Each structure stands twice: as structure tokens, then as C-alpha cells.
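Quick note: numbers below take in every heavy atom, side chains included, and nothing from hydrogens, waters or symmetry partners. It should be emphasised that the depicted structure is a prediction, and the values quoted were computed from it without experimental measurement.
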Amino acid sequence: MANLIEKAKEQINEILLNAYEKAAEAGILPQGAELKGTVEIPKDTQNGDYAANHAMTGAKALRMAPRKIAEALAENAQLDGTWFTSIEVAGPGFINFRLSDKWYADVMAAVDSEGMDYGRINVGQGRKLMVEFVSANPTGPMHMGNARGGVLGDALASVLDRAGYNVWREFYVNDAGNQIEKFASSIDARYRQLILGEDKVEFPEDGYHGDDIKDLAKQFFDTYGDEYMEKTVEERHQAMSRFGLDRNIPKMQSDLRRYGIEYDKWFFESTLHESGYVKETVELLTEKGFTYEKDGALWLKTSEILKEQLLVSGKKEEEIEKLELKDDVLRRANGFYTYFAADIAYHRNKLEKRGFDKVINVWGADHHGHVARLKGALDALGLNGEERLDIVLMQLVKLTRNGEVVRMSKRTGKAISLTDLLDEIPVDAARYFFNSRPESPVEFDLELAIRQDSENPVYYVQYAHARICTMLAALAEEGHPLPEFSGVDLSLLSTDAEKELIKQLAALPEEIRLAARDYDPSRINKYVTELAARFHKFYTACRIKGAEEGVLEARLTLCECVRKVLELSLNIIGVSAPEKM
């Protein structure tokens, strides 16, 4: 697919290489040097659309002043058949290039021909990649961190898909282990309190205290009455955990679907235990000499694994000592495997059994200490965790209203859940605001998110799309339908506002490349906001209705190209593109 910014840079490199060869043959520049440099888009494009520094980087090899080299290259450059109309030398030896009408027309032609596929690139070359995100405990409602992680994971998966990867979205359901036992005992205590009275049954100190547990206990009682009072604790807990999960997990699925998130797979931790895969993974680590027994438990030599990695990376012994590395329990003295053991098995399943080339997890920043330990365990299994597992750590969310921090829902008076949030603000606003740089904390202004003016960035972008739709429909009714692309004279788009708008259209493939490289889908927010800003500027500066026929057709075509790119860019981050507002 077309990345015309990158191709223009490649063409400049080719022009300068040919110019050097020509100048060297003529004896103007010394022969035998390797001419390399970078091509950038300058902040101020008054002197040119692209600037190359080849003369400055080649000065040492050519033993000449950069300015002299630049002048020789400019004199010998051939621009016929290229995207450039002029070449000029500036300052100490920068070589500036100005784009021709053909480049601008080719950008619009790419948007027209590729449609909703515009901006797709192939850096991923079809490699299998999993993005695992949210993976909230199914023991209670999803919270703000899950709301943010959902957007970041989903938008990142979309960006990676656009960059040419074969992307798989997955939710890991922690339906086994300590937290599920705690979940069951919490429901059990509330169930027995309903029957015997609150003062007769002590609630577990480390239990889940939320009203959702009381609701589940009431539903369980309404279904079974007091018949489970006769059962053993183990029977009660097994039934209650299943009962709770059977209600909580579908609720999570419906909440996330409402939020615009669908997964390829909901992977259950319990299947790893039931299939013996956790046991097998721990045995593999034992066979490789990475475990030992102490106090009846089986431990992973995490500190030894990490120390070896740190020494290889150049860390000194005394620096490593200060880190106070610790080993991890894989199997407790009671015979139960730990969450960490299951997590290692799950990632082995991703990399070895299912063959993903790389896996990306979106985690909260509080999981920071878990990253190196998990990568180390995968390295110990020979799965190259350092290269094949990437973790995106996201910071916290702070909700505000009129400058005040909000911790409680207006509707329920309790901690705000994903459901509460989506009851209060539109899904589009939630997705747009949460899709910000993962490493930065988010301050989410609930009042701003529902405002219908240009201060609200999502409204500002959506309004640009709706404005184009309304205008195109009105002009079509007046006898000026969207013309056939092939019959339009695009060279009539000659104003600065028009050219700046087309340049922004051209930037999408490069933004997708960088967003995929940096695992930063917020680049698409910034991109589409800038595209909307340039459109609004163009709309103010360039008359459409009442313009000469040729200019009118060219501007209508440009508007349609902008509309398509606004729609597909919003689609990448899971935000709608309304036709009316």
C-alpha cells in the first residue's frame, strides 16, 4: 500500500546519489565516497517540503565544505519524472526539495483507490501476533484500569493489523487459584448470613466486601434455598464459584461488547490445570535444573535466572546485589500450583503450543515487578521471552468533574465501574480519551467528554466528518454531485490550506508504522485531530459552494478523500464517524 511520504524520501536519496555520481564523473566532486544522509520534513516548509543533510554528513569523506557539496549536488540533480519541481541549497548545506502537483494528486489517488484499506502497510509481513488485554479477575465488576486497558489493547491490535501483522485478541480468565477460593468463601459467608443472620456468621477478613457478592449470594439463595447448608464446605464452594463465574463472565463479555471490544478467544486458566499443562511446564523447568524444594514447596530459581541475564547485559555484581532478587514459589506445600506457575504455562502455551511469533500483554503499572520474572522463566524454557514477550505497562486513570476528583458513581454511590462510566458518557468519548500514551496517567474530565463543542476533541473530529457528509449531500441536491475521480483536474488544488490538508492525508501510513513500532495507538488520536484541524482551516479559507466548476470538483474530491480518512482513522481506535451531528 502507499506510503508516499516514505517513497518521496526514497526518491530524494536516489536523486542525490545520481547527482553525486554525475558530479564525480565530471570531476566536480571526488570519486569513491559513499554519500548517505537523512531526509526530513522541516517544521517550517517555506523553503521546501523536504530537507536533506547529505552534503553535511558527506563533508568528511569528500574533504569539502558542505555548502560546496550541496551546490554541486543541486546543479547535477535531475528532477524530470520525479515528484519534485525544485531543489535549493540553504544555510550551511541543507538541500531543500519542493513537491510537484503530481505528488499531491498521487496521494489523493491512493486514498481514492485504496478506500478503507488506505494506510495499510506491511512491516508485519503476516507474522502471528497476540495481544492479550484487560484479563480482569472475574470475581467482581470491571474498573477504570480495565476500561483504559480495553481501549489500549483493542486500538493497539487494530494498529498492528493495519501494519501487516496477523493479530489475535485474547482475554485470559483467571478462573482458578486463590482468588476463586476467596470469591467462593465470600459468597458462602453472605449466603449463610442470609439464612442464619449476619451476627451468626463471621465474614472472612480477606474476603470480597462488595455489594456484588451480596447480590450473587441472594441469587444463589433464590435458586437453591437453604439446601446447600447440608453440603460440605468444598461442595458449597465449588457450586458457588461456578454459580458466580457463570454470571460474572457473561456480564464482562456484554460490558466489553458494549464498549466495542470483541475477542478471538476467552482463554480459561482452569483449562491449563485440568489438562496437566501447568504440571508439565513446572516439570520441564525442574528437568532443566531451574527449581528446588524448600519447606515442602517447589521454588523457581528466579534470582539465578535474572542475575545471569543482567550480567550478560553488562550489569555489575554490586549493582545486581542492590536489586535484592528473590525466588518464586511454583507449587505450594499443599500441592497447589501458584498463579505464577499458571502464568508461565499460559505463556508457554502462547509461544510453543500455538506458535505466536510475539505476544504483547497490556498490564497495569503495578505489574512492573512481574515483567522480568516472567520473561526470565520463558528464557529458562528456551522460548526467548526477552524477544518474544512484550509488556505494555499503563498508568492509572483519574476521573474529574469540574476540576474535582471523582471516585464514586452518581448513579450507585459506589466505586465507578466500566458499566457506570458507559451509563454516564458515550462509548466514543470513553474510547477516544482512554486511548492516550500508555506510560502517562490519564486525567479523564467527565464534563469535557459530554460537551458538544470544539473543546471536546472527539466531538471536534466527528464534527469534521459530519460537516463533510452534510456539505456533500447538500451540493449533490443542488446539482453538484461528487465527480468521477479520473475526470478531476487536481492541479487546481494550489493553495497552502489545500496542500497542507493533502500532506496530512499522506501522513497516515507513516503514523501507523510508528504507532505499531512504539505500541502507541494514541498517535492515531493525534493524527486524526490534526486532520480535522487542517480540514476546518481549509473549509474556512477555500470557498467550495460557488467556486468555478473545475475548482469546485477538485475541492469536492478533496473533501471526500478527507472524509474517508477521517472515517477509517476513527475506525482504527473504535470510534464512530457520524454523518450528522
Exercise. Which of these, Lys537, Arg534, Arg555, sits in a salt bridge (Lys or Arg N to Asp or Glu O under 4.0 Å) with Glu498?
Worked result: Arg555
Problem set entry | Distance (rounded to the nearest 0.5 Å) between Thr38 OG1 and Lys9 NZ | 8.5 Å
Problem set entry | Derivation and outcome, salt bridge (Lys or Arg N to Asp or Glu O under 4.0 Å), residues Arg258 and Asp423 | CA-CA 11 Å; Arg258 179 185 176 192; Asp423 284 347; 2.8 Å; yes
Seminar exercise, completed: Output for pair (Tyr527 OH, Leu508 CG), nearest 0.5 Å, gives 4.5 Å
Exercise. Does a side-chain N-to-carboxylate-O contact under 4.0 Å join Glu132 and Lys350?
Worked result: yes
For this session: Evaluate salt bridge (Lys or Arg N to Asp or Glu O under 4.0 Å) for Asp215 paired with Arg247, printing each intermediate quantity in order.
Result: CA-CA 11 Å; Asp215 292 342; Arg247 279 145 189 80; over 6 Å; no
Exercise. Do other residues, nucleotides or ligands put more than 12 heavy atoms under 6.0 Å from His209 NE2?
Worked result: yes
For this session: Test side-chain hydrogen bond (donor to acceptor under 3.5 Å, both in side chains) on Lys499 and Thr45 and set out the steps.
Result: CA-CA 11 Å; Lys499 288 184 172 181; Thr45 56; over 6 Å; no
Problem set entry | Glu478 atom CD: more than 12 heavy-atom contacts under 6.0 Å | yes
Seminar exercise, completed: To the nearest 0.5 Å, atom CD of Glu439 lies from atom OG of Ser522 at 7.5 Å
For this session: Tell me, yes or no, whether the heavy-atom count around Glu88 atom CD, taken from other residues, nucleotides or ligands under 6.0 Å, exceeds 12.
Result: yes
Exercise. Can you find a pair of side-chain heavy atoms, one from Ile249 and one from Val173, that are under 4.5 Å apart?
Worked result: yes
For this session: For the pair Arg563 and Glu567, find out whether any cationic side-chain nitrogen is under 4.0 Å from an anionic carboxylate oxygen.
Result: yes
For this session: Hey, could you give me the CD/CG distance between Glu511 and Asn525, rounded to the nearest 0.5 Å?
Result: 11.0 Å
For this session: For Arg431 and Asp154, run salt bridge (Lys or Arg N to Asp or Glu O under 4.0 Å): C-alpha distance rounded to whole Å, both residues' side-chain angles, the deciding distance at 0.1 Å, then the answer.
Result: CA-CA 10 Å; Arg431 291 197 60 123; Asp154 197 41; 2.8 Å; yes
For this session: Could you label the plane-to-plane angle of the Tyr463 and His536 rings as parallel, tilted or perpendicular, counting under 30° as parallel and over 60° as perpendicular?
Result: parallel
Exercise. Going through the distances and angles, do Ser158 and Asp161 end up as a side-chain hydrogen bond (donor to acceptor under 3.5 Å, both in side chains)?
Worked result: CA-CA 5 Å; Ser158 291; Asp161 172 72; over 6 Å; no
For this session: Determine, step by step, whether Gln462 and Asp428 satisfy the side-chain hydrogen bond (donor to acceptor under 3.5 Å, both in side chains) criterion, reporting the C-alpha distance in whole Å, the side-chain angles of both residues, the deciding distance to 0.1 Å, and the verdict.
Result: CA-CA 10 Å; Gln462 289 179 317; Asp428 284 343; 2.9 Å; yes
Exercise. Looking at CD of Glu447 and CG of Asn456, how far apart are the two atoms once the value is rounded to the nearest 0.5 Å?
Worked result: 11.5 Å
Exercise. Which atom pair, heavy atoms only, marks the closest approach of Leu568 to Gly115?
Worked result: CD2-O, 3.6 Å
Exercise. Does the ring center of Tyr50 lie less than 6.0 Å from the ring center of Phe97?
Worked result: no
For this session: Flag yes if more than 12 heavy atoms outside Asp496 fall under 6.0 Å of its CG atom; otherwise flag no.
Result: no
Exercise. Relative to each other, are the rings of Trp363 and His347 parallel, tilted or perpendicular (30° and 60° limits)?
Worked result: perpendicular
For this session: Check the surroundings of atom CD in Glu549: do more than 12 heavy atoms from other residues, nucleotides or ligands lie under 6.0 Å from it?
Result: yes
For this session: Taking the side chain as every heavy atom from C-beta outward, state whether Gln395 and Arg148 have any atom pair closer than 4.5 Å.
Result: yes
Exercise. Can you tell me how far the CZ atom of Arg127 sits from the CG atom of Leu160, to the nearest 0.5 Å?
Worked result: 10.5 Å
Exercise. What is the ring orientation for Tyr263 with Phe171, classed by angle as parallel under 30°, tilted 30 to 60°, or perpendicular over 60°?
Worked result: perpendicular
